[in-house]
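Indexing begins at 1, ligand by ligand and atom by atom, following the structure's order.
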Amino acid sequence: MLEPRIVVELRNIVGTDGVIDKHEQLRTYESDGLTNFRIVPALVVLPTSTEQVQAVVRVCHRGALPIAGGIVISLACMRQILKVDLPNQRVVVQPGVINLWITQRIVPHGYYYAPDPSSQQVCSIGGNVAENSGGPHCLKYGFTVNHVLGMKFVMPDGEVMEVGGPTFDSPGYDLPGIIVGSEGTLGIATEVTLRILRKPEAVQTAMASFDTTDAAGEAVSGIIAAGIVPAAVEMMDKLAIEACEAAVHAGYPLDVGAVLLVELDGPRTEVSQLLQRVEEICRRAGAIEFRLAHTDEERTLMWKGRKAAFAAMGRVSPNYIVQDGVIPRTALPQILREIEELSRRAGLRVANVFHAGDGNLHPLVLYDQRIAGQEHEAEELSGEIIRRCVAHGGSITGEHGVGMEKKQHMLAMFTEADLATHQLIRCAINPDNLCNPDKVYPTPRLCGEVPGPYQPHPIELAGLAERF
Ligand SMILES: Cc1cc2nc3c(=O)[nH]c(=O)nc-3n(C[C@H](O)[C@H](O)[C@H](O)COP(=O)(O)OP(=O)(O)OC[C@H]3O[C@@H](n4cnc5c(N)ncnc54)[C@H](O)[C@@H]3O)c2cc1C
């Protein structure tokens with residue numbers, strides 16, 4: 001049970017409305033988009049500033065958590081773009097700012113924020129920093145880590161640390177690099193300084209369709225081998241195309257095996273020359289159609305299909321698992337064949353939507369929860385796909401992170417020594433394992449034997465043993 005004085009203390013910090021303790025309201029926070037993991041938190045706190053986050057963390061750190069559930073510190077009320085500095089190409093934002101808001105704010109001045117997860121209409125910069133989020137345009141421009149210059153960061157003991165700075169490459173250890181992608185296990189980012197880019201002079205988007213994913217994969221390899229770095233290269237297979245068309249009518253052809261979206265940006269002359277070469281490469285690989293978006297509306301529509309792909313699966317299946325794995329680009333045709341074979345053997349459909357340029361796959365395993373045992377079979381298939389990615393020299397996640405779902409796969413990628421080194425970092429910054437305990441790492445190794453806040457063993461409680 002949560003001690004009533006803690007609720008009072010937290011209300012003193014964030015105000016009465018800033019603390020949620022009613023069970024029915026807490027249920028809103030029981031899961032994220034991955035609804036098969038649910039835990040109702042003991043309390044939700046909604047701070048609005050770094051100082052409030054710091055004070056809340058201090059209350060938690062004082063050992064004031066004799067509870068089974070944890071406290072969720074929601075940053076949803078920290079939604080201000082604090083500074084726009086166009087001459088120096090940077091912005092300072094609070095962590096609850098939604099990714100797309102940044103571009104919306106600066107696009108009238110000819111600037112944009114490059115990392116563009118498909119969830120960019122709803123995901124926060126804090127979440128992007130924690131997950132090192134990517135998106136279609138990260139092939140050319142890099143992931144979130146390449147755009148974070150600095151951060152204000154509340155440590156698990158309540159100290160506020162400034163990492164990085166207003167410019168790239170601060171001296172000393174690359175602390176922003178350690179924090180970005182740490183999935184909230186090291187503390188809380190409360191202000192983030194981000195790099196923004198000038199809008200390119202020209203952008204051209206084309207859709208190429210192919211009979212097979214093999215042929216589309218060959219086109220992708222050909223484009224990259226020719227030394228062209230498109231702003232984005234995305235692929236969808238037949239099932240994904242069908243679902244997207246049913247959902248948003250993006251104008252993709254339905255009688256093909258794969259569609260590629262290729263976007264080029266840069267100086268106008270360069271873009272038009274490269275576009276010709278991309279078309280030649282696609283045609284040589286067997287493109288049935290190569291269609292250019294002639295207006296902004298056509299371009300938006302082409303992208304709308306791709307960006308809606310996950311949600312569109314609801315049109316073709318009652319349930320689905322979104323997988324996220326990486327393979328070396330050259331293994332693309334092989335892994336797609338393996339996924340097809342695994343799907344056939346399991347009797348479950350798999351749709352493929354992915355960032356083809358950087359080998360980041362998103363196989364969507366379709367199933368029906370109402371059929372007994374099928375959810376488990378889908379999880380098995382999804383897990384096997386990830387193991388195959390690792391076997392091809394890839395990774396268990398490209399951009400969605402490890403979290404709870406994938407921590408058991410960490411052992412497939414890392415040795416004991418690797419994981420112990422990761423733990424040294426966590427122990428240095430979060431020694432009591434207070435922030436996002438039980439996430440990312442399969443078994444905490446060096447600083448505590450059990451995940452989450454320390455739970456005394458029954459023999460300790462009985463006075464028969466002591467913990468050192
Ligand atoms: C339909 C859909 C499409 C998606 N497409 C993409 C994609 O293209 N690319 C991609 O990379 N991801 C994608 N994702 C995954 C997800 O949207 C991103 O990882 C996103 O960055 C998460 O942001 P969020 O605001 O939802 O974070 P949350 O779910 O709120 O948080 C995610 C994690 O970050 C931690 N965290 C949040 N804020 C902070 C902070 N300020 N300091 C420290 N830790 C913090 C939380 O504790 C949690 O562990 C997609 C998800 C969906 C549902």
Stepwise side chain to side chain contact (heavy atoms under 4.5 Å, CB included) test for M78 and L75: CA-CA 5 Å; M78 296 179 69; L75 306 168; 3.8 Å; yes
Pairing of E263 and R299 as salt bridge, 4.0 angstrom limit: yes
Around R27, counting heavy atoms of other residues, nucleotides and ligands shown, do more than 12 lie under 6.0 Å from its CZ? no
Proximal protein residues to ligand 1, non-hydrogen atoms under 4.0 angstrom: L75, P95, P117, S118, S119, C123, S124, G126, G127, N128, A130, E131, S133, G134, E183, G184, G187, I188, A189, F310, E399, H400, N436, K439
Specify whether W303 and H137 have parallel, tilted or perpendicular ring planes, treating 30° as the upper limit for parallel and 60° as the lower limit for perpendicular. tilted
Could I get the full list of side chain to side chain donor-acceptor pair (under 3.5 Å) partners for E338, not counting sequence neighbours? Q334, R388, H392
Is R426 paired with D432 through a side-chain N to carboxylate O contact shorter than 4.0 Å? no
